[in-house]
Enquirer: 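Quick one: structure below, then a few questions.
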Amino acid sequence: MRRLLARFDRAFFAEAPAERLALLRLLVGAFALVYLCARAVHLQRVGHLPPGSFKPIGVVSVLSSPLPLWAVRGLIGAAIAAGAAFVVGYRFRVAGPLFGALLLWVLTYRNSWGMVFHTENLLVLHVIALGLGAAADVYSLDARAARRSGTHAPAPDGRYGWPIRLCCAITVTSYFIAGVTKLRNSGLDWAFSDILRNYVAYDNVRKIALGDTHSPLGGALVRYRFLFPPLALASLAMELGAPLALFSRRVAVVFCGAAWLFHLGVLLTMAILFPYPLLGVAFAGFFELEKLRDLRRPRRVNAAIGAGTS
């Protein structure tokens, strides 16, 4: 057991460059901030709903009655302000955890009024994980202030690696749970029957009846029964095999590609948008983001660097 724990410790806290973690902060934080701003009006509209519609879930379960409208708006404004500080890396030791807490509260409060948007769960967990780490030691206002005081650029360290690995672990766990849920609800019939086809058909018929946006492509494809078992099997394999992405870079690339194609398929056949994974931000932690710097350098500079190190 000690050897196993020691191996886990070495892997989870393996060194990573500060740039990689900072770039992940910028990507995830910017997405979260834009998402929050884009939905701000919608998020505050719950303050106009009848109090009887309030069914608190998660962290909001501490409330027995809805918050006043001014408090709802104030918390949304505070979350946006904390999100801006998160992105630019200003006083991150406070802004990081604060943004994670406020984002969790604001989105959970909205979900306490009816339909639960599970598409937001992964984003919130990633923000919390990054907010608890040293994700603003470079590419931030905090780092600029530190340089002015004479602090040197940080070397690769385990404290920059664990938040990235935690984000990756959260990602694969979310997909693995989805796969296990399919097996618990349907067993292997999910992959070898018409369950997926029926889901696609039902979702589109329901949206047509309600006058909501639906997928003409999904409605057309349900006529071809043979298409859906292979698609269902592929999605199940991707979800149940997701944890393997933590142990192999090649497997991680395959997993990220398969998961992205899965969400593209959901969008095309059921008009359900998962923007966080579809834009690739959800999978950014699996890649060496700091190498993006090299792509921005002129080729002659890169050639000179290579010649100087040969």
Enquirer: Lys207 pairs by side chain to side chain contact (heavy atoms under 4.5 Å, CB included) with which of Leu210, Asp203, Val205?
Expert: Asp203
Enquirer: With rounding to the nearest 0.5 angstrom, report the CG to CG distance, Leu125 to Leu166.
Expert: 9.0 Å
Enquirer: Among the clusters formed by ILVMFWY side chains lying less than 4.5 Å apart, do Leu141 and Phe86 turn up in the same one?
Expert: no
Enquirer: Any side-chain heavy atom of Thr108 within less than 4.5 Å of one from Glu120?
Expert: no
Enquirer: Could you go through Phe287 and Val253, starting from their C-alpha distance and side-chain angles, then the distance that decides it, and tell me whether this counts as side-chain contact (heavy atoms from CB on, under 4.5 Å)?
Expert: CA-CA 8 Å; Phe287 300 93; Val253 172; 4.0 Å; yes
Enquirer: Counting only N and O atoms by type, is there a donor-acceptor contact under 3.5 Å from the side chain of Ser53 to the main-chain atoms of Leu49?
Expert: no
Enquirer: Determine, using the 4.5 Å side-chain heavy-atom cutoff (strictly less than), whether Leu273 and Val34 are members of one ILVMFWY cluster.
Expert: no
Enquirer: Strictly below 4.0 Å, N to O, side chains only: are Asp142 and Arg91 in salt-bridge contact?
Expert: no
Enquirer: Heavy atoms only: give me the nearest Ile164-Gly285 pair and the separation to one decimal.
Expert: CG2-O, 3.3 Å
Enquirer: Decide yes or no on side-chain contact (heavy atoms from CB on, under 4.5 Å) for Leu21 and Leu289, but give the supporting numbers first.
Expert: CA-CA 8 Å; Leu21 180 58; Leu289 299 176; over 6 Å; no
Enquirer: Any chance you could measure Cys168, atom SG, to Leu24, atom CG, to the nearest 0.5 Å?
Expert: 8.0 Å
Enquirer: Is there a side-chain hydrogen bond (donor to acceptor under 3.5 Å, both in side chains) between His42 and Arg110? Walk through the geometry before answering.
Expert: CA-CA 9 Å; His42 173 76; Arg110 162 60 188 87; 2.9 Å; yes
Enquirer: Using side-chain contact (heavy atoms from CB on, under 4.5 Å), reason through Ile195 and Asp189 one step at a time and then give a plain yes or no.
Expert: CA-CA 7 Å; Ile195 293 178; Asp189 286 344; 4.0 Å; yes
Enquirer: For a 4.5 angstrom cut-off between non-hydrogen side-chain atoms, does Phe228 reach Val222?
Expert: yes
Enquirer: Can you give me the closest heavy-atom contact between Ala146 and Ser149, atom names plus distance?
Expert: O-OG, 2.7 Å
Enquirer: Determine whether Leu278 and Leu261 fall in the same hydrophobic cluster, where Ile, Leu, Val, Met, Phe, Trp and Tyr are linked whenever their side-chain heavy atoms lie under 4.5 Å apart.
Expert: yes
Enquirer: Verify the cluster assignment for Leu244 and Phe176: are they in a single hydrophobic cluster under the rule of side-chain heavy atoms below 4.5 Å apart?
Expert: no
Enquirer: For Arg93, does the CZ atom sit with more than 12 other heavy atoms under 6.0 Å from it, leaving out its own atoms?
Expert: no
Enquirer: Measuring from Glu239:CD to Leu183:CG, what's the distance to the nearest 0.5 Å?
Expert: 9.0 Å
Enquirer: Might you point out which heavy atoms bring Ala85 and Ala95 nearest each other, and give the distance in Å?
Expert: CB-CB, 3.7 Å
Enquirer: Is there a side-chain contact between Val72 and Leu43 in this structure, where contact means two heavy atoms from C-beta onward sitting under 4.5 Å apart?
Expert: no
Enquirer: Evaluate the side-chain proximity of Tyr199 to Trp190: yes if any heavy-atom separation is below 4.5 Å, no if none is.
Expert: yes
Enquirer: How are the rings of Phe255 and Phe283 set relative to one another: parallel (under 30°), tilted (30 to 60°) or perpendicular (over 60°)?
Expert: perpendicular
Enquirer: Report the C-alpha distance between Trp113 and Lys55 in whole Å, list the side-chain angles of each, state the deciding distance to 0.1 Å, and finish with yes or no for side-chain contact (heavy atoms from CB on, under 4.5 Å).
Expert: CA-CA 6 Å; Trp113 293 85; Lys55 308 294 182 183; over 6 Å; no
Enquirer: Sequence neighbours left out, what passes side chain to side chain donor-acceptor pair (under 3.5 Å) with Asn121? Give chain and number order.
Expert: none
Enquirer: Give the minimum heavy-atom separation between Gly161 and Ala16, together with the two atoms involved.
Expert: CA-CB, 3.6 Å
Enquirer: At what distance, to the nearest 0.5 angstrom, does CG of Leu23 lie from CG of Leu27?
Expert: 6.5 Å
Enquirer: State yes or no: are the ring centers of Tyr109 and Phe54 separated by less than 6.0 Å?
Expert: yes
Enquirer: Ion pair present between Arg159 and Glu15, side-chain N to carboxylate O less than 4.0 angstrom?
Expert: no
Enquirer: For the CG atom on Leu63, are there more than 12 heavy atoms of other groups (residues, nucleotides or ligands in this structure) within a distance under 6.0 Å?
Expert: yes
Enquirer: Can you tell me how far apart CG (Leu103) and NE2 (His126) are? Round to the nearest 0.5 Å.
Expert: 12.5 Å
Enquirer: Before we go on, tell me: are the rings of Tyr276 and Tyr35 under 6.0 Å apart, centre to centre?
Expert: no
Enquirer: Within this structure, what is the OG1-CG distance for the pair Thr173 and Leu246, rounded to the nearest 0.5 Å?
Expert: 7.0 Å
Enquirer: Might you point out which heavy atoms bring Phe92 and Arg25 nearest each other, and give the distance in Å?
Expert: CE1-CD, 3.6 Å
Enquirer: Within the 4.5 Å heavy-atom criterion, are Phe192 and Pro229 side-chain neighbours or not?
Expert: no
Enquirer: Group every Ile, Leu, Val, Met, Phe, Trp and Tyr by side-chain heavy-atom contacts under 4.5 Å, then state whether Val62 and Leu67 land in the same group.
Expert: yes
Enquirer: What I'd like to find out is whether the side chain of Leu33 reaches to under 4.5 Å of the side chain of Cys37, using heavy atoms alone.
Expert: yes
Enquirer: Could you name each residue pair satisfying salt bridge (charged side-chain N to carboxylate O under 4.0 Å, His left out) that touches residues 240-264, not counting sequence neighbours?
Expert: Arg249-Glu288
Enquirer: Report yes if the side chains of Pro163 and Leu132 come closer than 4.5 Å at any heavy-atom pair, otherwise no.
Expert: no
Enquirer: Thr171 and Leu122: which non-hydrogen atoms are nearest, and at how many Å?
Expert: CA-CD1, 3.8 Å
Enquirer: For the residue pair Tyr160 and Glu19, establish whether any side-chain heavy-atom pair is separated by less than 4.5 Å.
Expert: no
